[in-house]
Peer 1: 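Pasting in a structure now, in structure tokens, and then I'll have a few things to ask.
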Amino acid sequence: IDNELSGDIQIGIDATLGGNGRINGDASISGTLGAGASIGTLTIAGDLTLGDTSTLEVEFDNDGADQIIVEGIVDLQGGTINFVPEDENVFGVFTYEILTAEGGINGAFNTTLAPNYALIDLRYEGNSLFADIITQIGTGVELSPQSNLTANYLNDRLVQGAASSTLETFKALVNLNPVTELNSALSQLHPEAYAATSSISLIQGLSISDSLSKIATQKNTRQNSIT
């Protein structure tokens, strides 16, 4: 749909509805729903029902994500939400509003799918559904062997939910560009960096997250003072 469609619409299990247009009616989806041909916005003037066999496909990149705007009520009967990156260079921590309904959102998705290098946290707040997207350290870039070990450790901690401070570390890393700065920060957190004073293992290192955040904060402070 690239313009306006009048009347109610039903999408079967094997069918897909997408586009940047507007549906002037209700939409009942048993198949796949996705805004845009790539990243885009689809508006539904009536109510939206996503059945238990449905899939909401959300494409995202560093600058935005698909969005469904519903002027009525959204009824989520389970189903799946599938996050698809626009390209392999998506890297960072993002929050996108992917679904909004003037009449409110009832229910929830049963299944969330995403690439193995991205973590997704869905937040149902008021009349909106937000997605907090975190890509793992080193996605799409070439790290040194030492930096890669540290990145793998931090990625594992994030996936396992083992350290609450790790999330702040990832947010700090978003500002560490180009790759030379990311390599530099990660190399400072490798055990070899502490070998002269003590034998500190990464497993002992919840302070790793704090250290890396401080590195990024100091860098950002210097940049802000210059600008």
Peer 1: When you compare the side chain of Phe60 with that of Asp66, does any pair of heavy atoms fall below 4.5 Å?
Peer 2: no
Peer 1: If you measure from CG on Asp87 to OG on Ser38, what distance do you get to the nearest 0.5 Å?
Peer 2: 11.0 Å
Peer 1: Are Thr41 and Ile69 side-chain neighbours, meaning at least one heavy-atom pair lies under 4.5 Å?
Peer 2: yes
Peer 1: Taking C-beta and beyond as the side chain, do Ile9 and Leu17 meet within less than 4.5 Å on heavy atoms?
Peer 2: yes
Peer 1: Out of curiosity, does Phe94 fall in the hydrophobic cluster containing Phe130 (side-chain heavy atoms, cut-off under 4.5 Å, transitive links)?
Peer 2: no
Peer 1: Evaluate the side-chain proximity of Gln77 to Leu50: yes if any heavy-atom separation is below 4.5 Å, no if none is.
Peer 2: no
Peer 1: What is the distance from atom CG of Asp52 to atom CG of Leu76, rounded to the nearest 0.5 Å?
Peer 2: 12.0 Å
Peer 1: Would a hydrophobic clustering, with Ile, Leu, Val, Met, Phe, Trp and Tyr connected at side-chain separations under 4.5 Å, put Ile39 with Ile98?
Peer 2: no
Peer 1: Measure the shortest side-chain to side-chain distance between Phe109 and Thr55 over non-hydrogen atoms and say whether it is less than 4.5 angstrom.
Peer 2: no
Peer 1: Minimum heavy-atom separation for Ile105 to Ser128, with atom names?
Peer 2: CD1-C, 3.7 Å
Peer 1: I would like to know whether Val70 and Glu102 meet side chain to side chain contact (heavy atoms under 4.5 Å, CB included); could you show each step before the answer?
Peer 2: CA-CA 6 Å; Val70 180; Glu102 293 183 11; over 6 Å; no
Peer 1: Can you see whether Asp132 engages Thr95 through a side-chain donor-acceptor pair at a distance of less than 3.5 angstrom?
Peer 2: yes
Peer 1: Has Tyr124 got a side-chain atom pairing as donor or acceptor with Leu129's backbone, closer than 3.5 angstrom?
Peer 2: no
Peer 1: Please check if the side chain of Asn152 supplies one atom and the backbone of Asn148 the other of a donor-acceptor pair under 3.5 Å.
Peer 2: yes
Peer 1: Tell me, do Ile133 and Tyr96 make a side-chain contact under 4.5 Å, heavy atoms counted?
Peer 2: yes
Peer 1: Between Glu97 and Arg123, does any NZ, NE, NH1 or NH2 come within less than 4.0 Å of an OD or OE carboxylate oxygen?
Peer 2: no
Peer 1: What residue among Ile81, Leu33, Thr16, Val84 forms side-chain contact (heavy atoms from CB on, under 4.5 Å) with Glu57?
Peer 2: Val84
Peer 1: Flag yes if Ile73 and Ile44 sit in one hydrophobic cluster, no otherwise; membership is Ile, Leu, Val, Met, Phe, Trp, Tyr, and two members link when side-chain heavy atoms are under 4.5 Å apart.
Peer 2: no
Peer 1: If you measure from CD1 on Ile13 to OG1 on Thr32, what distance do you get to the nearest 0.5 Å?
Peer 2: 10.5 Å
Peer 1: At what distance, to the nearest 0.5 angstrom, does CG of Leu99 lie from CD1 of Ile68?
Peer 2: 7.0 Å
Peer 1: Between Glu4 and Asn24, do the side chains contain an N or O donor and an N or O acceptor separated by less than 3.5 Å?
Peer 2: yes
Peer 1: Could you measure the distance from the OG1 atom of Thr100 to the CD atom of Glu125? Nearest 0.5 Å is fine.
Peer 2: 12.0 Å
Peer 1: As a test of understanding, state which of Ile29, Asp26, Asp75 forms a side-chain contact (heavy atoms from CB on, under 4.5 Å) with Leu48.
Peer 2: Ile29
Peer 1: For Ser30, does its backbone N or O pair with a side-chain atom of Thr53 as donor and acceptor, under 3.5 Å?
Peer 2: yes
Peer 1: Is there side-chain contact between Glu59 and Pro85, with heavy atoms separated by less than 4.5 Å?
Peer 2: no
Peer 1: Where do Asp47 and Gly72 come nearest, in terms of heavy atoms and distance?
Peer 2: OD1-CA, 3.4 Å
Peer 1: For Asp14, is the CG atom crowded, meaning more than 12 foreign heavy atoms sit under 6.0 Å from it?
Peer 2: no
